[in-house]
Protein chains: 2
Amino acid sequence: MELIHFRILLALKRRGTLNSASELLHLTQSALSHQMKNLEQRLGIILWRKQGRTLVLTQAGQYLSDVAESVIATVDSAEQHLALLAAGKTGKLIIGIDCHACYEWFRTILQPYLQTWPELAIEVTSRYRFNSFEAIQQYKLDAVLTSDPVFNGVLHYQPLFDFELVLIVAKQHRLAERQFIEPSELQEETILTYPVERERLDMFRKVLQPAGVEPLAHITVEETDIMLQLAASQRGVCLLPEWLLADKVKNPDVISLRFKDLPLAKTMYLATRHEDVQLEYIQWLIEHAQSKA
Amino acid sequence: MELIHFRILLALKRRGTLNSASELLHLTQSALSHQMKNLEQRLGIILWRKQGRTLVLTQAGQYLSDVAESVIATVDSAEQHLALLAAGKTGKLIIGIDCHACYEWFRTILQPYLQTWPELAIEVTSRYRFNSFEAIQQYKLDAVLTSDPVFNGVLHYQPLFDFELVLIVAKQHRLAERQFIEPSELQEETILTYPVERERLDMFRKVLQPAGVEPLAHITVEETDIMLQLAASQRGVCLLPEWLLADKVKNPDVISLRFKDLPLAKTMYLATRHEDVQLEYIQWLIEHAQSKA
DNA sequence: CCCAGGTTATGAATTTTAATCATCAATACA
DNA sequence: TGTATTGATGATTAAAATTCATAACCTGGG
């Protein structure tokens, strides 16, 4: 059974005669007759019968033409959708988020993005947090917001903005008055981080481990807001992008500190497949991300 | 876009490699590759990409393979259903009922029929009561129970059983004691019939009109039970198959009368298309209808 | 580090399939 | 009763799909 058989049944239903149906399909009447005869023989069942000079569908034929309605509708709509996809007029942009802080930033750009691209379905996921590199290659993601790029030519990394990681402490914290601090001074502190492996945490990778410091405790927190609240109530200190604090005017009880001679400068990148860089809605994202910074 | 493309996408999804998928479809890897390349060119969109030595679906490819799941499932199930239909193992038998009394009789056979053919969908309709002859030719009905056949060779009429029409009157009726009655004696009676045209009612066509009798009144009733109740309470008399009364032991307040020299013998037929006579479930119906009589 | 064994892609030849053309047979209508 | 219109059908032609042979590529193991 092939789509042509469904199309013939539908055309016959629409036009009434095989002759007329053949015009609809840009084929000859003979072609339709041959095709259906062939199908009937393979199925071992009669689909229509000539009655007078019109065709009457048998029960099997009726049934099959009902199936045809549904199948052809599905196929045609898929074809149309693919045509739009091919023209870049629609699509689904799946954006992977690689770190919690990235998500906090992305929220600030999401609203205007949705408004500018109302036709574009957008999905933001942190599902591939730990293997976004593979996910984007396997088309499970279309873009990844990350501040830990892997420059090996496989992906296109578009720098969005630079930022600095700062230590967040409560205003009443013993170190709050200091202009610069040393990693070693965190030895008696409780460290607040997102719940990922230490190797992926700049706090450990860039601050504590290079200085050989093991902190008093390490508490993981899912939500940035909660992390800031904990810090404000002196339950610990954390390393976060400075712009995060700037946005959080609702958190006046914490301040940011920098480490002496240890610049924690980072760059936020948007990673995409090379082939997708030119897509309009990717370009828009890049431009607005930069102007936002 | 053809079914083969959907099948290739599904086989690839199942087996992982095109080589393995080709076995599933009993084709060569080359055939699958050519087909999909061709589709891609026509659609103007890439569906997969070779990554290392495996294929990775693009977003469009993912989308199309999802469509494929649905389309192929529909088509395969339709094919299976048609195979059953072809083998006569399933089907839908639409039985047309041509007179109310026929329906009363059919109810007695319906239950065992449903039990014998659990797979068979049965629909009983009186929708085509007035044109069942055309309906069966157009495959809108598969069988018609009728006691008014049209023998012209177009349909196959299978006699099921003979029966007699009798006049139903209340036990206390003035005619109840009589052995035979005359049509003219109905002049002062109220006639109860089903709500169809007089030309189709044996009471008028065979009894009253030949005798030139116009009765006192004519009341139409949809339900046989109600008609019998009305007769029992002396609200009128009616002409019904004798077996109908035999089944209705719950109606002991009426009796049946016959007309003198006016045998109202009828035969119940099952009308089918010639091509369907051999179907098992039609044969069963015929045999059991006859034994029932 | 290269090679064996695996993958998909591709061009040309072949086979298979579908479409057409030219009819026929049946039917409906003037 | 002829004429026009319907679908069916067999032979021919045209098109499409499949295969074969092979290239190009990747991966893992000695």
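Chain letters run A, B, ... following the sequence lines, proteins first and then strands; every chain starts at 1.
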Heavy-atom donor-acceptor pair, B:Tyr113 side chain to B:Tyr281 backbone, under 3.5 Å = yes
Can you find an N or O donor on one side and an acceptor on the other, under 3.5 Å apart, linking the side chain of A:Lys50 with the base of C:dT27?
-> no
More than 12 heavy atoms from other groups under 6.0 Å of CD on A:Glu280 | no
Ignoring hydrogens and geometry, is there a side-chain-to-backbone donor-acceptor pair from A:Thr58 to A:Gly61 under 3.5 Å?
-> yes
A:Leu18 CG - D:dT5 C1' separation (whole Å) = 13 Å
Is a side-chain N or O of A:Arg273 found less than 3.5 angstrom from the main chain of A:Ile136, in a donor-acceptor match?
-> yes
Over how many whole Å does the gap from A:Glu2 atom CD to D:dA16 atom C1' extend?
-> 13 Å
Counting only side-chain N and O atoms of A:Trp48, is one of them less than 4.0 Å from OP1 or OP2 of D:dT6?
-> no
Only one of B:His5, B:Arg7, B:Glu2 forms a side chain to side chain donor-acceptor pair (under 3.5 Å) with B:Gln35, so which one is it?
-> B:His5
Earlier contact from the 5' end, DNA chain C, for B:Asn19 and A:Gln51 | B:Asn19
Starting from C1' on D:dA8, measure out to CD1 on A:Ile8 and report it in whole angstrom.
-> 14 Å
With a 3.5 Å cut-off and just heavy-atom distances, do the side chain of A:Arg53 and the base of D:dT5 make a donor-acceptor pair?
-> yes
What nucleic acid atoms does A:Leu55 come within less than 4.0 Å of, heavy atoms only: base, sugar-phosphate, or nothing?
-> sugar-phosphate
NZ/NE/NH1/NH2 to OD/OE distance under 4.0 Å, A:Asp148 and A:Lys266 | yes
Whole-Å distance between D:dA16 C1' and B:Gln41 CD?
-> 14 Å
B:Ile46 CD1 - C:dT8 P separation (whole Å) | 16 Å
With a 3.5 Å cut-off and sequence neighbours excluded, list the donor-acceptor pairs that the side chains of residues 11-21 of chain A form with protein atoms.
{"unit_1": "A:Lys13", "atom_1": "NZ", "unit_2": "A:Ser65", "atom_2": "OG", "d": "3.3"}
{"unit_1": "A:Lys13", "atom_1": "NZ", "unit_2": "A:Asp66", "atom_2": "OD1", "d": "3.4"}
{"unit_1": "A:Lys13", "atom_1": "NZ", "unit_2": "A:Glu69", "atom_2": "OE2", "d": "3.4"}
{"unit_1": "A:Arg14", "atom_1": "NH2", "unit_2": "A:Glu69", "atom_2": "OE1", "d": "2.8"}
{"unit_1": "A:Arg14", "atom_1": "NH2", "unit_2": "A:Glu69", "atom_2": "OE2", "d": "2.8"}
{"unit_1": "A:Arg15", "atom_1": "NH1", "unit_2": "A:Ser20", "atom_2": "O", "d": "3.4"}
{"unit_1": "A:Arg15", "atom_1": "NH1", "unit_2": "A:Ser20", "atom_2": "OG", "d": "2.7"}
{"unit_1": "A:Thr17", "atom_1": "OG1", "unit_2": "A:Ser20", "atom_2": "N", "d": "3.1"}

Identify, residue by residue, the members of residues 21-39 of chain A with a heavy atom below 4.0 Å from DNA chain D, and return them in order of residue number, or none.
-> A:Gln29, A:Ser30, A:Ser33, A:His34, A:Lys37
What is the distance from CG of B:Leu12 to C1' of C:dT7, rounded to the nearest Å?
-> 12 Å
Interatomic distance where CG belongs to B:Leu47 and P belongs to C:dT8 [whole Å] = 16 Å
